[in-house]
Amino acid sequence: MKLWSGRFEKSTSKLVDAFQNSIKFDWRMYKQDIKGSIAHARMLGCKGIITKEDADSIIKGLLEILDEIEKGNIEFKESAEDVHMNIESLLIERIGEAGKKLHTGRSRNDQVALDLRMYLKGEIDEIVMLIRKLCALLLTKAEENLDVIIPGYTHMQKAQPITLAHHIMAYFHMFCRDLERYYDCYKRTDIMPLGSGALAGTTYDLDREMIAEELGFCNISQNSIDAVADRDFVVEFISCCSILMMHLSRFCEELVLWNSQEFGYIELDDSMATGSSIMPQKKNPDVAELIRGKTGRVYGDLMAILTIMKALPMAYNKDMQEDKEAAFDAGDTVKDCLTVFIPMFDTITFNKDKIKEKLKYGFLNATDAADYLVKKGVPFRDAHEIIGLMVNYCIKHNKALEDLSMEEFKSFNPNFYEDVYDFIDIKNCVIRRNTIGGPSPEMVSKDIEKGKEYLGL
Ligand code: ARG
């Protein structure tokens, strides 16, 4: 029998039961549901809304159910609709009359909001730990590669020389912003909605603060309608996940490129790559590609929740049941991706010789050559034009700027002297890029130190 069957003359169609139940996915919140119910029952007992004995027997019954679920002894029923009513029915089955008092002054609407908030707080904690682990790894890798010069790109064209450490630290900063976003999202998830009832609060003298305290919430909601109608925290959570996935995806895209024979900058560890069923020579960067691909599904989760919520009138509507699969999937995907990305990145070998070879071509020092002329008094715009002509000449003669003879330099501008060779040496080009935030080893090591401080390392 359904917990709400009184008003009905017919039992629910099997078709409707199968369609509308959420136990097939919301069973995952059983721990949160039981913890929330225990706090609610304890409060009801303390306030004298139910007797202390009833409260105690409810708490005991719920703890036993929790234990049995963890042991795998409980089979949830689709006919009991969702995790909340499954657990309540189990309780009533076990302890009888007292069990029927648990739902006093509560609705599934504030109950589900509570459970989901608790669940997502846990997810944020886990994700934050993984991001911090990744950030710490990036700091280590940056430190190991402080002096490794690599080409920097814009438009996927060689642009100016940078260091590998500087490149890695760009990702460090991206993931630090992700951390901040999750911390911020946590603040707005950490609001306790119980006591809002179906939408209009309750006539019982509940102690909402007591529940918040027991469940570790910092705040309680201040409007009962908003408390049951709000899923902004889900939207925010999946937004955080989407932005994080975007960062991981960009990182993975670069690793795929760098792993190609055309680049050859990196070698993946054999344990982190896969082969082909037909081409014996292949070693594919499947992990990076799959993370890139999974970004799409997290964006899908974000579109789903935004679209589900966009035209809902106050307050709770059943549409909102669709929030959970999106939130669960986004959390699962982010955790999975971070968990595999970390060892994949940790075990990459940087082919430093190959990278060095690539520095020679692509005129990475062209800006510096222009800067050389500026130092000798030529206005930058003129210097830019002169070096442009020289680059054109070099392309035609298959040379790099530093391959030109002094006569060739002079033929373009009389302000070139022997010291130009040293000035446009790639290493010096990087060392001179010493503005705050620049790629010089000196600046990057300062940035790494600040990063360690930020992570408390
Ligand atoms: N299973 C529902 C959900 O996930 C729980 C809340 C149901 N409330 C209701 N009035 N039908 O949203």
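Counting convention: from 1, in listed order, for ligands and their atoms alike.
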Checklist line | Mutual orientation of the aromatic rings belonging to Phe350 and Phe345 [parallel < 30°, tilted 30-60°, perpendicular > 60°] | finding: perpendicular
Check: Do we get Lys121 above Phe217's six-membered ring, with its NZ or CZ under 6.0 Å from the centre and within 45° of the axis?
Finding: yes
Note to self: Tell me whether Arg28 forms a cation-pi arrangement with Phe328, defined as NZ or CZ under 6.0 Å from the six-membered ring centre and within 45 degrees of its axis.
What the structure shows: yes
Note to self: Distance under 4.0 Å to a non-hydrogen atom of Asn109: what atoms of ligand 1 satisfy this?
What the structure shows: 8 (N), 9 (C), 10 (N)
Margin query: Looking only at protein heavy atoms, which one is nearest to atom 12 (O) of ligand 1, and what is the separation?
Written below: Tyr316 OH, 2.5 Å
Notebook entry, point to check: Is the distance between the ring centroids of Phe251 and Phe341 under 6.0 Å?
Noted result: yes
Checklist line | His84 N/O under 3.5 Å from ligand 1 N/O | finding: no
Check: Which ligand 1 atoms does Lys324 reach within 4.0 Å, using its non-hydrogen atoms?
Finding: 3 (C), 4 (O), 12 (O)
Note to self: Within ligand 1, which atoms have a heavy atom of Asp82 less than 4.0 Å away?
What the structure shows: 1 (N), 2 (C), 5 (C)
Check: Which atoms from ligand 1 have a heavy atom of Ser22 less than 4.0 Å away?
Finding: 1 (N)
Margin query: Looking at every heavy atom in both Ala229 and Met309, which two are closest together, and how far apart are they?
Written below: O-CE, 3.6 Å
Note to self: For Ala327 versus Leu120, what's the shortest heavy-atom pair and its separation?
What the structure shows: CB-CD2, 4.2 Å
Note to self: Students should be able to answer this: which protein heavy-atom is nearest to atom 11 (N) of ligand 1, and at what distance?
What the structure shows: Arg108 NH2, 3.5 Å
